[in-house]
Amino acid sequence: MTLSPHAMTLAVAIALIALMMSRRARRNFGRQPVQPKRMTTRIVILAIVGALTVIVSLADMRTLTADLGGLVAGVALGWWGLRLTRFEREPDGVHYIPHSWFGIAITALLAARIVYRFVVVMPGMQAAGQTMGPTSPFAAYQKSPLTLALFGLLVGYYICYYAGVLIVARRTPPGTIV
């Protein structure tokens, strides 16, 4: 049994996405150390990716509105999630205990949307690609307002949340639980 290069690429992509989602879900439970360098790197990467999606969305007002709406909703949820997070300063550093349901719900929404797009929309895109010639298989993702809104929600949430964790961690006095 041999796999086509397209099927192999899709299988590897799905495996990597599943690995990233499981790692993300594990970070939503229990006591986590505040790691300023990693969090700052994540904020920068998310900000760049978020800015790129907004730039791509400038061509269509529906996608731009959905993307910006998702970003604003994500920032609001990030702020709310931060208010429900507990912080502890111990001799080994500052730790935070996130409110698990926020991160899990946002990650699950985006994952469900991506799976839906692969299962329902991808076969139609492949059939259209065979009749219309070579096009980007991700063009439909870039033109879907719902997908962009959910992606904006994820980006806005994690940028706001990580920035808030870094700010609160710096302000947490020794020996306190916030």
Side-chain angles (χ1 to χ4, degrees), residues 12-57 63-118 138 141-142 144-178:
V12 169
I14 290 172
L16 286 174
I17 290 171
L19 176 66
M20 290 183 338
M21 291 293 190
S22 68
R23 288 185 62 173
R24 165 74 10 232
R26 277 188 279 148
R27 284 190 210 120
N28 290 318
F29 290 105
R31 189 170 174 241
Q32 305 289 327
V34 174
Q35 300 172 331
K37 289 180 182 177
R38 283 188 181 183
M39 288 183 169
T40 303
T41 302
R42 289 179 190 146
I43 290 170
V44 168
I45 290 170
L46 286 171
I48 290 169
V49 172
L52 290 174
T53 59
V54 168
I55 290 169
V56 169
S57 299
T63 57
L64 178 64
T65 304
D67 200 9
L68 293 176
L71 283 168
V72 169
V75 168
L77 283 176
W79 181 81
W80 190 16
L82 186 65
R83 305 294 289 163
L84 297 173
T85 300
R86 293 182 317 176
F87 291 86
E88 301 173 348
R89 182 174 291 274
E90 300 291 331
D92 62 338
V94 179
H95 299 300
Y96 66 102
I97 302 166
H99 191 272
S100 302
W101 294 107
F102 277 96
I104 291 171
I106 290 169
T107 303
L109 274 174
L110 185 65
R113 181 64 179 169
I114 290 171
V115 168
Y116 169 79
R117 298 286 292 180
F118 269 114
F138 299 104
Y141 285 102
Q142 297 168 351
S144 169
L146 181 57
T147 302
L148 284 174
L150 290 173
F151 184 72
L153 182 80
L154 179 96
V155 168
Y157 174 81
Y158 282 112
I159 287 175
C160 178
Y161 187 75
Y162 287 148
V165 165
L166 290 173
I167 290 168
V168 173
R170 273 190 227 127
R171 294 181 184 168
T172 303
T176 61
I177 297 176
V178 179

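All heavy atoms count here, side chains included; hydrogens, waters and symmetry mates do not.
T40 contributes no side-chain N or O that, together with a main-chain N or O of K37, makes up a donor-acceptor pair within less than 3.5 Å. Between the side chain of R86 and the main chain of H95, no donor-acceptor pair closer than 3.5 Å is present.
The heavy-atom pair separating P145 from A66 by the smallest distance is O-CB, 3.2 Å. Considering every non-hydrogen atom in both A163 and I43, the closest pair reads N-CD1, 3.5 Å. Across all their heavy atoms, D67 and S57 have their closest contact at OD2-OG, 3.6 Å. Counting all heavy atoms, side chain and backbone alike, G78 lies closest to C160 at C-SG, 3.8 Å. Closest non-hydrogen pair, Q32 versus P98, comes out as CG-CD, 4.2 Å.
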Checklist entry - Can W79 and V75 be said to form a side-chain contact (heavy atoms from CB on, under 4.5 Å), step by step? => result CA-CA 6 Å; W79 181 81; V75 168; 5.6 Å; no
Checklist entry - V56 and L52: side-chain contact (heavy atoms from CB on, under 4.5 Å), yes or no, with the steps? => result CA-CA 6 Å; V56 169; L52 290 174; 5.5 Å; no
Checklist entry - Going through the checks in order, is the side-chain contact (heavy atoms from CB on, under 4.5 Å) test met by V168 and T85? => result CA-CA 10 Å; V168 173; T85 300; over 6 Å; no
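To the nearest 0.5 angstrom, T41 atom OG1 is 11.0 Å from L46 atom CG. The distance from atom CG of L154 to atom CD1 of I159, rounded to the nearest 0.5 Å, is 9.5 Å. Note that the CZ atom of R42 and the OH atom of Y161 stand 11.5 Å from one another [nearest 0.5 Å]. Remark: Y157 OH to L71 CG distance equals 15.0 Å, nearest 0.5 Å. With values rounded to the nearest 0.5 angstrom, Y96 atom OH is found 5.5 Å from Y162 atom OH. Distance check: T53 OG1 to L64 CG gives 9.5 Å after rounding to the nearest 0.5 Å.
With a 6.0 Å radius and a threshold of 12 heavy atoms from other residues, nucleotides or ligands, R31 has its CZ atom above the threshold.
The residue from L148, V155, L68 that alone fulfils the side chain to side chain contact (heavy atoms under 4.5 Å, CB included) condition with V54 is L68.
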